[in-house]
Engineer: 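Here it is, the structure in full.
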Amino acid sequence: LIIHITSAEWLRKFNTFLASERPKIIGYRFRTRKQGDKTRAKRFSVLKSFASWLSEQSLLDNTDAIDKFKVKVKKKKHYALSLGELSIMQDADFQLPMQQKAVDMFIVACHTGLRVADIIRLRKSHIRTRGKIKLIEMNTQKTHERVSIPISSKVSSTLESYNYKLDLMSGQKANMHLKKALSSLVAFQEEYGDGDDILRPKFTQISMHTGRRTFCTLKMKQNVPI
């Protein structure tokens, strides 16, 4: 690997390999599926850091190839729910328990902007009261940032219904059940373009992370400072 990261040709081939479908291996889905441009950019960022460390340790003389190599990241228009769509989803009654649980987790994401990893970690001990306002106060798992988020009545009632434990399923399963639940609603059967002029039903473009994007988008539309 130390020799290869000094070769522009090898770096191009490695990038192509990561972007290509590979033979399926049972139990290794995340190691064999092709990677998007953002994921590949992160991988090469790690390689650059590794090359820099090798150079500092006098183990690598030339880092020009890895320093100059860039993964082209396409700009993509991500989907976020409108206030009307959020209301439609909240008013819907989903018959399958797993679908309702996934939707409830997603609603909390839309109202708080929390990542799914933090929603799963939520407990009653994270709830604080400041005057008449209830807040979620916690350190986020990914960035270790301290957040203080006002709780809407919808989030409050959802948390109470699950006894303040939203560790209902993994993020992967939540995404699967969320898509199936929203596929039954007409509002989410409409098509939406992702920036490449590829139109697909909205429910196929929604994941738990869409809740975070929805929160940010709605707050910006309400002129809340970043």
Side-chain angles (χ1 to χ4, degrees), residues 19-22 24-40 42 73-122 140-142 152 154-155 157-159 161-162 165-221:
S20 305
E21 289 283 1
R22 279 155 273 160
K24 302 299 181 183
I25 302 175
I26 296 176
Y28 292 89
R29 186 170 70 87
F30 293 104
R31 297 186 186 182
T32 60
R33 69 179 183 182
K34 64 180 181 180
Q35 298 177 358
D37 47 15
K38 286 188 177 180
T39 301
R40 283 183 282 115
K42 290 179 181 178
V73 178
K74 295 181 180 179
K75 288 186 177 181
K76 183 177 179 180
K77 186 168 63 174
H78 293 286
Y79 175 69
L81 276 67
S82 67
L83 200 56
E85 289 171 334
L86 182 57
S87 296
I88 290 172
M89 180 185 61
Q90 290 179 170
D91 293 339
D93 183 22
F94 301 95
Q95 298 300 317
L96 296 180
M98 293 300 285
Q99 291 184 7
Q100 185 63 61
K101 288 178 180 179
V103 169
D104 287 338
M105 291 172 68
F106 182 67
I107 288 172
V108 172
C110 291
H111 280 255
T112 64
L114 288 173
R115 298 178 180 89
V116 64
D118 294 317
I119 290 173
I120 289 173
R121 292 171 53 236
L122 262 179
T140 60
Q141 186 180 65
K142 183 175 182 178
S152 66
K154 181 63 178 178
V155 170
S157 62
T158 300
L159 289 173
S161 67
Y162 290 104
K165 291 183 180 180
L166 287 178
D167 188 8
L168 307 175
M169 65 189 80
S170 67
Q172 184 181 353
K173 285 189 176 181
N175 285 333
M176 179 183 69
H177 291 298
L178 178 64
K179 284 179 170 58
K180 288 182 178 179
L182 297 183
S183 67
S184 65
L185 302 179
V186 175
F188 296 99
Q189 294 170 3
E190 297 175 2
E191 294 186 329
Y192 176 85
D194 63 2
D196 290 328
D197 295 325
I198 299 174
L199 297 176
R200 293 183 292 135
K202 289 179 178 178
F203 72 85
T204 66
Q205 303 186 53
I206 294 176
S207 67
M208 288 298 296
H209 199 71
T210 307
R212 186 170 170 82
R213 295 192 180 103
T214 296
F215 173 82
C216 296
T217 301
L218 293 179
K219 291 305 175 186
M220 289 182 69
K221 288 183 178 180

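Predicted, not measured: the structure shown is a model, and the values here were computed from it. Side-chain atoms are counted along with the backbone in the values below, which use heavy atoms only and exclude waters and symmetry mates.
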Engineer: What residues, two or more places apart in sequence or in another chain, satisfy side-chain contact (heavy atoms from CB on, under 4.5 Å) together with Met169?
Structural biologist: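 side-chain contact (heavy atoms from CB on, under 4.5 Å) list for Met169, sorted by chain: Met98, Lys101, Ala102, Met105, Lys173, Ala174, His177.
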Engineer: Suppose we screen for salt bridge (charged side-chain N to carboxylate O under 4.0 Å, His left out). Which residues come up paired with Lys179, at least two apart in sequence or across chains?
Structural biologist: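 Counting only residues at least two positions away or on another chain, Lys179 forms no salt bridge (charged side-chain N to carboxylate O under 4.0 Å, His left out).
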Engineer: Who passes salt bridge (charged side-chain N to carboxylate O under 4.0 Å, His left out) against Glu191, sequence neighbours left out?
Structural biologist: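 Counting only residues at least two positions away or on another chain, Glu191 forms no salt bridge (charged side-chain N to carboxylate O under 4.0 Å, His left out).
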Engineer: With sequence neighbours excluded, give me every ring-ring contact (aromatic ring centres under 6.0 Å, His included) pair touching residues 90-116.
Structural biologist: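 Found none.
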Engineer: Kindly write out the residues that satisfy side-chain contact (heavy atoms from CB on, under 4.5 Å) with Ser183, not counting sequence neighbours, or none if the list is empty.
Structural biologist: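 Per chain and number, Ser183 pairs via side-chain contact (heavy atoms from CB on, under 4.5 Å) with Phe203.
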Engineer: Output all residues satisfying ring pair (Phe, Tyr, Trp, His ring centres under 6.0 Å) with Tyr79, sequence neighbours left out; order by chain, then residue number.
Structural biologist: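 If we apply the ring pair (Phe, Tyr, Trp, His ring centres under 6.0 Å) test to Tyr79, skipping adjacent residues, the hits are Tyr192.
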Engineer: Do side-chain atoms of Gln205 reach the backbone of Arg200 as a donor and acceptor pair under 3.5 angstrom?
Structural biologist: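 Yes, the answer is positive, given that a donor and an acceptor are paired below the 3.5 Å cut-off.
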Engineer: Could you check Leu114, Ile120, Val116, Val108 and say which one makes a side-chain contact (heavy atoms from CB on, under 4.5 Å) with Leu166?
Structural biologist: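 In the set Leu114, Ile120, Val116, Val108, the residue that makes a side-chain contact (heavy atoms from CB on, under 4.5 Å) with Leu166 is Val108.
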Engineer: Backbone N or O of Leu81 within a donor-acceptor pair of the Thr214 side chain at under 3.5 Å?
Structural biologist: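 Checking the backbone N and O of Leu81 against the side chain of Thr214, a donor-acceptor pair under 3.5 Å is found.
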Engineer: May I have the step-by-step check of side-chain contact (heavy atoms from CB on, under 4.5 Å) for Thr210 and Leu178, ending in yes or no?
Structural biologist: CA-CA 11 Å; Thr210 307; Leu178 178 64; over 6 Å; no
Engineer: With rounding to the nearest 0.5 angstrom, report the CG to CD distance, Leu182 to Gln189.
Structural biologist: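 CD of Gln189 is found 10.5 Å from CG of Leu182.
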Engineer: Kindly compute the distance separating OG1 (Thr112) from CD1 (Ile107), expressed to the nearest 0.5 Å.
Structural biologist: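 The OG1 atom of Thr112 sits 11.5 Å away from the CD1 atom of Ile107.
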Engineer: If every non-hydrogen atom of Met89 is compared with every non-hydrogen atom of Leu185, which pair is closest and at what distance?
Structural biologist: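 Heavy atoms only, the tightest pair is CA-CD1, 4.2 Å.
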Engineer: Just to verify, what does Lys221 make a side-chain contact (heavy atoms from CB on, under 4.5 Å) with, not counting sequence neighbours?
Structural biologist: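 By the side-chain contact (heavy atoms from CB on, under 4.5 Å) rule, Lys221 matches Thr217.
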Engineer: Nearest 0.5 angstrom please: Asp104 CG to Gln99 CD, how far?
Structural biologist: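 Going from CG on Asp104 over to CD on Gln99, the span is 12.0 Å.
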Engineer: Give me each pair satisfying salt bridge (charged side-chain N to carboxylate O under 4.0 Å, His left out) with a member in residues 201-213, each pair once, sequence neighbours excluded.
Structural biologist: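 Listed once each, the pairs are Glu85-Lys202, Glu190-Lys202.
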Engineer: Which atom names give the shortest non-hydrogen contact between Gln141 and Ala117, and what distance separates them?
Structural biologist: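 In terms of heavy atoms, the two residues are closest at OE1-CB, 3.2 Å.
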Engineer: Residues two or more places apart in sequence or in another chain: which of them pass salt bridge (charged side-chain N to carboxylate O under 4.0 Å, His left out) with Arg121?
Structural biologist: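 Arg121 satisfies salt bridge (charged side-chain N to carboxylate O under 4.0 Å, His left out) with Asp118 only.
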Engineer: Could you list the residues that satisfy side chain to side chain donor-acceptor pair (under 3.5 Å) with Arg40, not counting sequence neighbours?
Structural biologist: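 With sequence neighbours excluded, Arg40 shows a side chain to side chain donor-acceptor pair (under 3.5 Å) to Asn15, given in chain and number order.
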Engineer: Of all residues at least two apart in sequence or in a different chain, which pass the side-chain contact (heavy atoms from CB on, under 4.5 Å) check with Asp93?
Structural biologist: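 Asp93 satisfies side-chain contact (heavy atoms from CB on, under 4.5 Å) with Gln95, Gln100 only.
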Engineer: Without swapping roles, check the side chain of Ser184 against the backbone of Lys180 for a donor-acceptor pair under 3.5 Å.
Structural biologist: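 Between the backbone of Lys180 and the side chain of Ser184 there is no qualifying donor-acceptor contact (under 3.5 Å).
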Engineer: Working to the nearest 0.5 Å, report the span between CG of Leu122 and CG of Asp167.
Structural biologist: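 The distance works out to 10.5 Å.
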Engineer: May I ask you to decide if Met208's main-chain N or O and Asn175's side chain share a donor-acceptor pair within less than 3.5 Å?
Structural biologist: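 Checking the backbone N and O of Met208 against the side chain of Asn175, a donor-acceptor pair under 3.5 Å is found.
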